[in-house]
**Q** 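Starting off with a structure, shown below.
Below, read A as the first sequence line, B as the second, and so on, with proteins coming before strands; counting in each chain starts at 1.
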Protein chains: 2
Amino acid sequence: MSAAEDAFIRALSRVLLAMPRAVEHDMARGGLLPLSEYTALMHLSEVQGRTMRMSELASVSNLSLSGMTRIVDRLERRSLVKRVRCDEDGRGWNAVLTDAGFAALTESWPIHLASVRRHVLDHVQGEDLSRLTTVLQRIATDT
Amino acid sequence: MSAAEDAFIRALSRVLLAMPRAVEHDMARGGLLPLSEYTALMHLSEVQGRTMRMSELASVSNLSLSGMTRIVDRLERRSLVKRVRCDEDGRGWNAVLTDAGFAALTESWPIHLASVRRHVLDHVQGEDLSRLTTVLQRIATDT
DNA sequence: GCGATTTGATTGACGCGTCAAGCATTGACC
DNA sequence: GGTCAATGCTTGACGCGTCAATCAAATCGC
């Protein structure tokens with residue numbers, strides 16, 4: 001491994017560990033949703049009917065199905081989401097974003113955005129943004 | 001947030017979640033050290049005397065001190081590291097890489113390298129490597 | 001020197017996400 | 001149409017890393 005590659009991997013590792021913690025911390029300080037829950041609600045808010053199958057939600061969130069079960073459990077307990085049996089398939093469940101869930105999302109996103117901007121986007125200028133996006137997408141797709 | 005920024009953040013999030021799991025998985029399949037333990041041994045192997053204070057090891061690994069205590073506990077149980085009281089400060093402990101630990105590291109690194117190369121480095125070509133490294137270092141430093 | 005504070009590290013309790021096992025429901029096949 | 005594998009999701013058990021509390025050694029103030 002070349003010195004440049006080594007430096008890259010070390011920097012990536014640090015970001016991998018430290019950056020999500022920093023954002024998570026900002027969210028917690030604001031009394032807001034943890035990142036995993038925020039992300040789930042965000043995905044729900046972006047689809048027609050604010051409804052997604054558990055498996056689909058897990059997959060777009062890059063989480064195991066059982067992990068998503070736990071998250072929706074927590075969200076449902078706080079009435080931010082409700083579970084509705086799936087019409088076409090009696091085994092399936094839909095997670096549906098409630099109005100309260102949408103409100104929580106609305107409350108959370110400015111802080112989330114500010115945190116992400118401060119910790120990440122502020123450090124990526126101009127042309128780098130699109131180049132890096134391409135690289136990251138390739139890495140993400142492969143995995 | 002612009003569409004480009006949004007794409008960047010989403011791609012970064014996916015990499016953050018998926019990539020370490022992929023590498024971890026490769027290590028586990030080879031019956032090798034988990035990433036956290038691998039990293040600790042690696043840091044130890046790189047310093048004079050293969051010795052580091054717990055706090056220093058935690059800090060270079062971007063982990064809490066108590067987290068590092070657990071990791072060194074596991075490593076010590078398998079005799080890959082030993083704890084030695086610190087001379088200059090009776091409260092402190094040094095983690096010292098043992099020969100067995102060094103051997104485990106030697107055994108692990110080819111698979112670790114191959115995994116990192118396959119999942120990450122193969123997707124970063126030419127000039128992107130240094131540009132991306134700079135950005136990641138800025139992000140890591142800030143946090 | 002002797003209490004009071006600070007510092008280095010460990011421990012207890014906890015939350016999170018994973019895997020493997022379990023439970024329904026569905027769909028295929030005879 | 002009844003059995004049997006496959007599918008969608010949940011549950012149990014577990015490992016990991018965090019925070020808050022704790023303990024011991026060191027340092028400061030007097």
**Q** Does any part of the side chain of A/His119, heavy atoms only, come nearer than 4.5 Å to the side chain of A/Asp26, both counted from C-beta?
**A**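 Counting from C-beta outward, A/Asp26 and A/His119 do come under 4.5 Å.
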**Q** Which residues, if any, of residues 49-61 of chain B bring a heavy atom under 4.0 Å of DNA chain C?
**A**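 Per residue number, the list reads B/Arg53, B/Met54, B/Ser55.
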**Q** Quick test of your reading of the model: are A/Glu37 and A/Arg74 salt-bridged, counting only N-O distances below 4.0 Å?
**A** yes
**Q** Are B/Leu17 and A/Met68 co-members of a hydrophobic cluster defined by side-chain heavy atoms under 4.5 Å apart?
**A** yes
**Q** Donor-acceptor pair, A/Thr98 side chain versus A/Ser79 backbone, under 3.5 Å?
**A** yes
**Q** Would B/Val60 and B/Val96 show up in the same hydrophobic cluster when neighbours are defined by side-chain heavy atoms closer than 4.5 Å?
**A**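 Cluster IDs for B/Val60 and B/Val96 differ.
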**Q** Would you mind checking if A/Arg83 and A/Glu76 are paired as a salt bridge, meaning a charged N to carboxylate O distance below 4.0 Å?
**A** yes
**Q** Is B/Arg50 reaching over with its side chain to a backbone N or O of B/Leu44, donor-acceptor style, under 3.5 angstrom?
**A**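 Side chain of B/Arg50 to backbone of B/Leu44: no pair is present.
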**Q** Check every nucleotide of DNA chain D for an atom under 4.0 Å from a heavy-atom of chain B, then give the first and the last such nucleotide from 5' to 3'.
**A**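 On DNA chain D, the outermost contacted nucleotides are D/dC16 to D/dA26.
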**Q** Do side-chain atoms of B/Thr39 reach the backbone of B/Leu35 as a donor and acceptor pair under 3.5 angstrom?
**A**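 Flag set: sc B/Thr39 to bb B/Leu35 pair under 3.5 Å.
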**Q** Please tell me which of A/Arg91 and A/Leu65 maps to the more 5' nucleotide of DNA chain C, matching each residue to the nucleotide holding its nearest heavy atom.
**A**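 Result of the comparison: A/Leu65.
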**Q** For the pair B/Arg10 and A/Glu46, find out whether any cationic side-chain nitrogen is under 4.0 Å from an anionic carboxylate oxygen.
**A**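 Yes, this pair counts.
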**Q** Using heavy atoms and a sub-4.0 Å distance, could you list which residues of residues 73-89 of chain A are near DNA chain C? By number, please.
**A** A/Arg74, A/Asp89
**Q** Using the closest heavy atom to pick a nucleotide of DNA chain D for each, name whichever of B/Glu37 or A/His25 lands nearer the 5' end.
**A** B/Glu37
**Q** For B/Met68 and for A/Gly90, find the nucleotide of DNA chain C with the closest heavy atom, then tell me which residue's nucleotide is more 5'.
**A** B/Met68
**Q** Between atom OG of A/Ser45 and atom CZ of A/Phe102, what is the distance when rounded to the nearest 0.5 Å?
**A** 6.0 Å
